Amino acid sequence: MDLRLIFHSIHNVMLAEELLLQDGLAIDMQPVPRVISSDCGMCLAARSVDLPRIKVCLAKAPFTSPIEIYQSPTADDHQIPRFERLSTL
């Protein structure tokens with residue numbers, strides 16, 4: 001899972017998790033990586049191949065703040081992960 005969906009409240013994380021799981025997407029709630037900051041300590045990890053479906057699914061919900069999407073180009077688990085900001089929903 002190379003994407004991280006960053007939210008600014010735990011309520012938004014939980015709402016997004018519920019919506020994405022209902023849509024059959026593979027996601028995982030995780031702590032926000034230290035190289036990324038947010039007001040909330042949790043984020044959702046997802047696969048980049050699912051990004052179009054994620055965007056459609058999350059567009060249906062009334063989130064209270066923007067969702068930031070980051071991708072990690074680091075494939076080696078032994079490296080310190082790097083993340084590049086892709087977009088904001």
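Model, not experiment: these values are computed from the prediction.
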How long is the span from the CG atom in D50 to the CD1 atom in I27, to the nearest 0.5 Å?
-> 10.0 Å

Pair listing, salt bridge (charged side-chain N to carboxylate O under 4.0 Å, His left out) test, anchored in residues 13-31, at least two apart | D23-R53

For A61, check side-chain contact (heavy atoms from CB on, under 4.5 Å) against everything at least two apart and list the hits.
-> L15, L19, F63

Any side-chain donor paired with an acceptor under 3.5 Å for R4 and Q30?
-> yes

Contacts satisfying side-chain hydrogen bond (donor to acceptor under 3.5 Å, both in side chains) that involve residues 55-64 (not counting sequence neighbours) are N12-T64

Taking side chain as C-beta onward, heavy atoms only, is F83 less than 4.5 Å from P33?
-> yes

CE (M29) and SG (C43) are apart, to the nearest 0.5 Å, by 9.5 Å

Excluding sequence neighbours, so at least two apart, what forms salt bridge (Lys or Arg N to Asp or Glu O under 4.0 Å) with D2?
-> none

Are side-chain heavy atoms of M1 and R47 found at a separation under 4.5 Å?
-> yes

Inter-residue atom distance Y70.OH - I36.CD1, 0.5 Å rounding | 6.0 Å

Can you name the salt bridge (Lys or Arg N to Asp or Glu O under 4.0 Å) partners of R85, sequence neighbours left out?
-> none

Let me see the working for I69 and T88 under side-chain contact (heavy atoms from CB on, under 4.5 Å), right down to the final yes or no.
-> CA-CA 6 Å; I69 302 172; T88 302; over 6 Å; no

Which of these, I6, L3, L5, sits in a side chain to side chain contact (heavy atoms under 4.5 Å, CB included) with L44?
-> L5

By side-chain contact (heavy atoms from CB on, under 4.5 Å), I10 pairs with (sequence neighbours left out) V13, M14, C40, M42

